[in-house]
Structure formats: C-alpha cells, structure tokens
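To keep things clear, I will list the structure first and then write my remarks on it.
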Amino acid sequence: VQLQASGGGLVQAGGSLRLSCVASGRTLISYVVGWFRQAPGKEREFVAASSWGRWTAGSTFYADSVKGRFTVSRDNAANTVHLQMNSLKPEDTAVYYCALIPRYIVAPPQEDTEYDYWGQGTLVTVSS
C-alpha cells in the first residue's frame, strides 16, 4: 500500500485547507486512517483518526487542539480520505502525514506506532 498526501500550502490565519490522502495498491474497505503532524523542532503529534468497516462507519477521534475545526471524511470511489481544516491558526503550521492500518479497529489508535503505512507528508503553513 502506498499513501500520497497532498493539499498543503500557505494560508492566512482563519483560512481553510483540505488535505487528501490517496491510497494505491489496495482498495480501502475496512481500515483506519490517522492524521499526524510535526512542527519544526517538535515531536510528531496526533491530529485525527477514523475507522471504517465494510458494514459500519466506525469512530473518529480528534486531538483537543483541532476539535471543532478539523473534519475527517472519505471518498470510497477515489480510495481517498480527506482532512478538512477550518479556522486555521499559526500553531497548526506543520508537516501533515496520513497513515493507515489496513483493518477495522473500533477505536482508532492515537499512537503513531500503531500504524502500518505512511504517506510522505504535506506542509501546511499558517501565517498570522
């Protein structure tokens, strides 16, 4: 499985961006997708994660710092998961990564070590 993250860029505070994570090499049916970010000089941190099963929508968790501003969604036809980011703040500046667990888990993990596949990252810069 290969993951390709895209959609990053430069945006002013208060603006929006939508990140996309496209999976290739495997049709996503039951899986968990996590979003993580790493700001300069800081450790990688959890942003959001969603789980989907063949017959169930699963759960979505958000970090407290993004709750109410970020939303995870999926496009099955495109084998893609999106991260809609609204009301962006300068402290959201980071490289954003998507990651995949190719099986269904009721409560999607927030630890990056739980994820099997990683995208290359996309840079989000929020100016004040």
Side-chain angles (χ1 to χ4, degrees):
V1 179
Q2 291 80 44
L3 301 178
Q4 179 76 35
S6 63
L10 173 63
V11 64
Q12 288 187 333
S16 298
L17 283 174
R18 189 177 78 158
L19 305 185
S20 298
C21 180
V22 180
S24 60
R26 179 174 180 148
T27 299
L28 300 180
I29 299 176
S30 299
Y31 58 97
V32 175
V33 168
W35 289 93
F36 295 83
R37 67 187 181 187
Q38 187 166 19
K42 295 187 178 181
E43 293 187 353
R44 187 162 58 190
E45 66 175 1
F46 170 78
V47 175
S50 289
S51 59
W52 290 280
R54 180 182 292 272
W55 310 115
T56 180
S59 303
T60 300
F61 292 156
Y62 297 96
D64 288 343
S65 59
V66 307
K67 201 171 296 182
R69 301 187 296 122
F70 291 11
T71 304
V72 178
S73 64
R74 68 171 176 171
D75 181 346
N76 282 343
N79 228 30
T80 299
V81 175
H82 300 289
L83 179 68
Q84 178 67 42
M85 307 187 297
N86 298 328
S87 301
L88 283 162
K89 305 175 181 180
E91 51 263 44
D92 294 318
T93 295
V95 176
Y96 284 72
Y97 299 89
C98 61
L100 175 73
I101 304 171
R103 60 190 179 278
Y104 178 69
I105 301 174
V106 173
Q110 301 180 33
E111 292 293 328
D112 56 2
T113 54
E114 298 292 327
Y115 289 79
D116 301 308
Y117 301 97
W118 287 81
Q120 84 290 359
T122 184
L123 176 63
V124 172
T125 304
V126 184
S127 63
S128 57

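Note: Ser51 OG to Tyr104 OH = 4.5 Å, rounded to the nearest 0.5 Å. Going from atom CE of Met85 over to atom CH2 of Trp35 covers 8.0 Å, rounded to the nearest 0.5 Å. Separating the SG atom in Cys98 from the CG atom in Leu19 is a distance of 9.0 Å, to the nearest 0.5 Å. For the atom pair OG1 of Thr60 and NZ of Lys67, the computed distance is 11.5 Å after rounding to the nearest 0.5 Å. Rounding to the nearest 0.5 Å places OG of Ser6 at 9.0 Å from NE2 of His82. With values rounded to the nearest 0.5 angstrom, Glu91 atom CD is found 8.5 Å from Lys42 atom NZ.
Under the 4.5 Å side-chain heavy-atom criterion for ILVMFWY residues, a single connected hydrophobic cluster contains both Val81 and Tyr117. Hydrophobic clustering, with ILVMFWY side chains joined whenever heavy atoms are under 4.5 angstrom apart, groups Val11 together with Val66.
Note on ring orientation: taking the six-membered ring where Trp is involved, the planes of Phe36 and Tyr115 are perpendicular (angle over 60°, cut-offs 30° and 60°). Aromatic ring orientation, Tyr97 versus Trp118: perpendicular (interplanar angle above 60°, classes split at 30° and 60°).
Residues Leu100 and Val1 are in side-chain contact: their nearest non-hydrogen atoms beyond the backbone lie under 4.5 Å apart. Looking only at side-chain heavy atoms (C-beta outward), Ser127 and Pro90 stay at 4.5 Å or farther from each other. Counting heavy atoms from C-beta outward, Gln4 and Gln120 have side chains that approach closer than 4.5 Å. Using a 4.5 Å cut-off on side-chain heavy atoms (C-beta onward), Trp52 and Ser30 make no contact. Side-chain atoms of Pro109 and Ile101, non-hydrogen and from C-beta on, do get closer than 4.5 Å to each other. Annotation: side chain of Gln2 is not in contact with side chain of Arg26 (no heavy-atom distance under 4.5 Å). The shortest side-chain heavy-atom distance between Tyr62 and Val47 does not fall under the 4.5 Å cut-off.
The main-chain N or O of Val72 is never found under 3.5 Å from a side-chain atom of Ser50 such that the two would form a donor-acceptor pair. In this structure, the side chain of Ser87 does not engage the main chain of Gly14 through any donor-acceptor pair within 3.5 Å. Within the 3.5 Å criterion, the main-chain N or O of Leu28 finds a donor-acceptor partner in the side chain of Asn79.
The two residues Ala78 and Val22 have their closest heavy-atom pair at O-CG1, 4.2 Å. When all heavy atoms of Gly7 and Leu17 are compared, the closest pair comes out as O-CD2, 3.8 Å.
A side-chain donor from one of Ser16 and Asn86 sits under 3.5 Å from a side-chain acceptor of the other.
Across Val95, Thr122, Asp92, a single residue satisfies side chain to side chain contact (heavy atoms under 4.5 Å, CB included) together with Arg37, and that is Asp92.
The aromatic ring centres of Phe61 and Phe46 sit 6.0 Å or more apart.
Counting non-hydrogen atoms of neighbouring residues, nucleotides and ligands closer than 6.0 angstrom, the CZ atom of Arg18 reaches no more than 12 such neighbours.
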